Amino acid sequence: MQIHNTLTRRVEAFAPADPDRVTLYVCGPTVYNYIHIGNARTFTVFDLLARTLKRRFPKVVYVRNVTDIDDKINAAARESGVPIGAVTARFDAAFAQDMDALGLLAPDVVPYATAHIAQIIAMCEQLIASGHAYAAQGHVLFSVASFPAYGQLSRRDPDEMLAGARIEVAPYKRDAGDFVLWKPSDDSLPGWDSPWGRGRPGWHIECSAMAATHLGESIDIHGGGMDLQFPHHENEIAQSTCAHGGKVFARHWMHSGMLNLDGAKMSKSLGNTFRVHDLLQHYPSEALRYALLSGHYRQPLDWSENLIEQSIRTLDRLYATVRDLGDVAVDPATAPIPQAIEDALDDDLDTPRVLALIAGFAAAARKAVDPTERAASKAALLGAGRALNILQGDPVAWFARGNDDSDDAWIQAQIDERAAAKKNRDFARADAIRAQLANEGVVLEDTAQGVRWVRKRV
Ligand code: AMP
Ligand code: ZN
């Protein structure tokens with residue numbers, strides 16, 4: 001299998017250190033809100049990678065963590081007046097539901113940061129003992145100057161990185177670029193006893209500790225979105241390499257491209273997000289999955305209503321083909337995956353080529369008259385779909401969807417949510433909901449009696 005390695009900026013043959021135990025670590029969500037479709041893109045790409053690797057190697061250990069201690073979680077809990085544990089439990093469960101609905105496999109291990117505090121503290125102690133970190137005013141900081149390779153993944157010049165950090169340098173830092181491994185917690189914040197007083201871990205060290213705990217000191221592939229290259233992954237490399245006596249942390253780095261909305265990265269901080277939770281109430285999950293895989297994973301992907309509609313129409317055509325071959329018995333769960341599909345996946349997960357091949361199989365199936373040919377083309381189509389986990393359902397169920405009033409319920413749910421957002425003075429979110437509804441042809445009117453909506457046909 002050939003995959004692009006961010007470390008070398010080249011597509012390389014993937015050769016695991018131990019082909020009998022391939023190790024994959026992917027940075028998971030911080031659970032303080034519903035995930036958006038941009039997050040889902042990254043998780044869908046790595047789900048496809050894990051599925052593909054599992055066909056190539058006898059054992060693949062796929063770890064995707066959950067960050068359940070973070071200042072953003074603390075802030076969300078404070079704002080909503082709900083205990084921190086209730087926030088993380090709620091959104092962790094929502095995340096698992098979203099992943100399941102999108103047809104993603106559960107990873108082999110889902111570690112939680114809060115269950116690895118002892119390992120995090122031990123790693124901090126090791127880094128201090130080896131001169132790569134220092135304690136100051138209840139903090140533990142990584143000394144960037146102690147790791148000359150810092151910046152190699154994102155190819156940043158250390159001086160350039162420092163220029164950005166110099167604006168407001170915390171007094172406990174020796175160097176502006178030094179980053180936090182551990183920080184003190186006051187009584188209002190979650191904390192654990194440590195050699196440096198009661199405190200909590202920084203984000204970066206969580207992943208280093210969880211990867212080492214579940215996969216060992218060197219791993220085969222580390223993945224995440226492109227936006228995590230710096231500083232998160234750069235810091236993970238520095239921590240893990242220095243804590244493990246210079247051993248290579250991850251031999252292969254894979255980064256998925258950003259999902260954009262109107263040319264801007266979809267992100268919670270910009271407020272331009274579509275939540276998976278909401279989209280799932282409105283569109284078939286398989287169409288979302290198809291849309292997410294329609295572009296090559298390293299390219300940016302523009303999210304739009306049009307992309308979803310096109311994905312639905314394509315799936316309509318494909319399911320109609322499967323339906324028309326209803327007299328041919330093929331079990332999608334066991335139909336072999338055609339070699340051409342495996343070849344496309346081996347070529348740095350070339351999903352646009354996979355989808356083009358699928359369209360070709362469907363065209364051939366529609367033309368086939370001979371019974372053997374019909375059986376073979378249906379098997380090829382369903383086997384190909386299995387590689388991406390699409391086309392595995394019953395065509396009758398696909399075409400029967402949406403024959404209810406769920407649209408009205410969805411619109412009302414959006415209006416209620418917008419009202420709640422306005423109450424919380426989250427005007428960006430309120431505007432985003434209004435814009436999304438407008439996109440769907442639903443226009444809102446704020447009246448004295450409350451919000452009324454009308455459907456505008458265009
Ligand atoms: P976060 O919760 O922000 O740490 O993000 C969780 C995962 O989603 C990370 O792997 C991010 O790189 C990824 N991610 C965040 N925003 C986007 C986006 N707009 N497109 C693709 N992936 C994203
Ligand atoms: Zn991480």
Side-chain angles (χ1 to χ4, degrees), residues 6 24-49 63-73 75-76 87-88 91-92 94-95 98-99 102 104 107 110-113 116 120 123 153-154 179 181 201-215 219 221-240 249-250 253-276 279 288 291-293 295-304 307:
T6 314
L24 167 64
Y25 185 94
V26 175
C27 296
T30 304
V31 283
Y32 67 102
N33 207 330
Y34 290 102
I35 62 152
H36 58 71
I37 192 73
N39 304 131
R41 180 187 195 198
T42 290
F43 300 134
T44 303
V45 163
F46 288 101
D47 173 68
L48 176 63
L49 175 71
V63 177
R64 189 187 64 214
N65 75 289
V66 170
T67 297
D68 60 347
I69 166 86
D70 188 276
D71 289 350
K72 283 183 281 197
I73 301 174
V87 171
T88 55
F91 291 111
D92 178 42
F95 173 66
D98 285 347
M99 293 291 93
L102 285 175
L104 274 66
V110 180
Y112 290 78
H116 295 77
I120 292 170
M123 200 176 238
L153 176 74
S154 54
F179 58 89
L181 305 177
W203 172 37
H204 315 300
I205 191 93
E206 296 173 8
C207 281
S208 281
M210 286 185 273
T213 303
H214 298 282
L215 297 175
I219 63 180
I221 305 178
H222 193 310
M226 214 82 99
D227 56 336
L228 298 190
Q229 272 179 42
F230 180 84
H232 186 53
H233 290 163
E234 206 70 77
N235 293 357
E236 279 188 47
I237 293 176
Q239 297 157 165
S240 296
F249 171 42
W253 283 87
M254 282 178 81
H255 290 101
S256 55
M258 290 295 103
L259 184 135
N260 296 331
L261 196 69
D262 299 326
K265 174 192 164 188
M266 185 175 281
S267 77
K268 282 173 205 155
S269 54
L270 286 180
N272 63 343
T273 62
F274 287 129
R275 298 168 175 188
V276 173
L279 290 168
L288 301 177
L292 290 175
L293 294 172
H296 189 266
Y297 81 89
R298 281 196 283 126
Q299 299 301 321
L301 180 70
D302 278 316
W303 191 253
S304 67
L307 176 68

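Remember, it's 1-based here, ligands and their atoms both numbered in the order they're listed. Heads up: numbering here begins at 1 and tracks the sequence. What you see is a predicted model; the values in this text were computed from it and never measured.
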Verify, without hydrogens or angle tests, whether [X] (side chain) and [Y] (backbone) share a donor-acceptor contact under 3.5 angstrom.
{"X": "Ser208", "Y": "Glu236", "value": "yes"}
{"X": "Asn65", "Y": "Pro111", "value": "no"}
{"X": "Glu234", "Y": "Ser154", "value": "yes"}
{"X": "Gln299", "Y": "Gly257", "value": "no"}
{"X": "Asn272", "Y": "Lys265", "value": "yes"}

- Would you name the N/O/S atom of Glu236 that lies closest to the Zn ion (ligand 2)?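 Restricting Glu236 to its N, O and S atoms, the minimum distance to the Zn ion (ligand 2) goes to OE2.
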Is ligand 1 under 4.0 Å from a heavy atom in the side chain of [X], in the backbone, in both, or in neither?
{"X": "Met226", "value": "neither"}
{"X": "Asn39", "value": "both"}
{"X": "Leu259", "value": "both"}

For the pair [X] and [Y], name the ring-plane relationship: parallel under 30°, tilted 30 to 60°, perpendicular over 60°.
{"X": "His232", "Y": "His204", "answer": "tilted"}
{"X": "His222", "Y": "Tyr25", "answer": "tilted"}
{"X": "Trp253", "Y": "His233", "answer": "tilted"}

Numbered atoms and elements of ligand 1 in range of Gly225, under 4.0 angstrom, heavy atoms: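 Once the distances to Gly225 are compared, the set is 10 (O), 12 (O).
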Can you list the atoms of ligand 1 that are under 4.0 Å from a heavy atom of Lys265?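 Listed by number with element, the hits are 16 (N), 19 (N).
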ask   = Of the backbone and side-chain N, O or S atoms of His204, does one lie nearer to the Zn ion (ligand 2) than 2.8 Å?
value =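 Short answer: no, not a single N, O or S atom is under the cut-off.
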Looking only at protein heavy atoms, which one is nearest to [atom], and how far off is it?
{"atom": "atom 7 (C) of ligand 1", "result": "Phe43 CZ, 3.7 Å"}
{"atom": "atom 21 (C) of ligand 1", "result": "Gly38 O, 3.0 Å"}
{"atom": "atom 16 (N) of ligand 1", "result": "His36 CE1, 3.5 Å"}
{"atom": "atom 4 (O) of ligand 1", "result": "Thr30 OG1, 4.3 Å"}
{"atom": "atom 18 (C) of ligand 1", "result": "Met258 SD, 3.5 Å"}

Considering Leu270, Asp227, Thr273, which one's heavy-atom position lies nearest to atom 11 (C) of ligand 1?
->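 Going through Leu270, Asp227, Thr273 one by one, Asp227 has the nearest heavy atom to atom 11 (C) of ligand 1.
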N/O separation below 3.5 Å, [X] to ligand 1:
{"X": "Gly28", "value": "no"}
{"X": "Thr42", "value": "yes"}
{"X": "Leu228", "value": "no"}

Check your understanding: Can you find a non-hydrogen atom of Gly257 under 4.0 Å from ligand 1?
Key ->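 Heavy atoms of Gly257 do come under 4.0 Å of ligand 1.
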Evaluate side-chain contact (heavy atoms from CB on, under 4.5 Å) for Leu259 paired with Leu292, printing each intermediate quantity in order.
CA-CA 9 Å; Leu259 184 135; Leu292 290 175; 3.7 Å; yes
| Is Arg64 positioned over the aromatic face of Phe46, cation under 6.0 angstrom from the ring centre and no more than 45 degrees off axis? | no
Leu49 side chain reached by Val26 side chain, heavy atoms, under 4.5 Å: no
Exercise for review: To the nearest 10 degrees, calculate the angle at the Zn ion (ligand 2) involving SG of Cys27 and NE2 of His232.
Suggested key: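 Result: 120°, to 10°.
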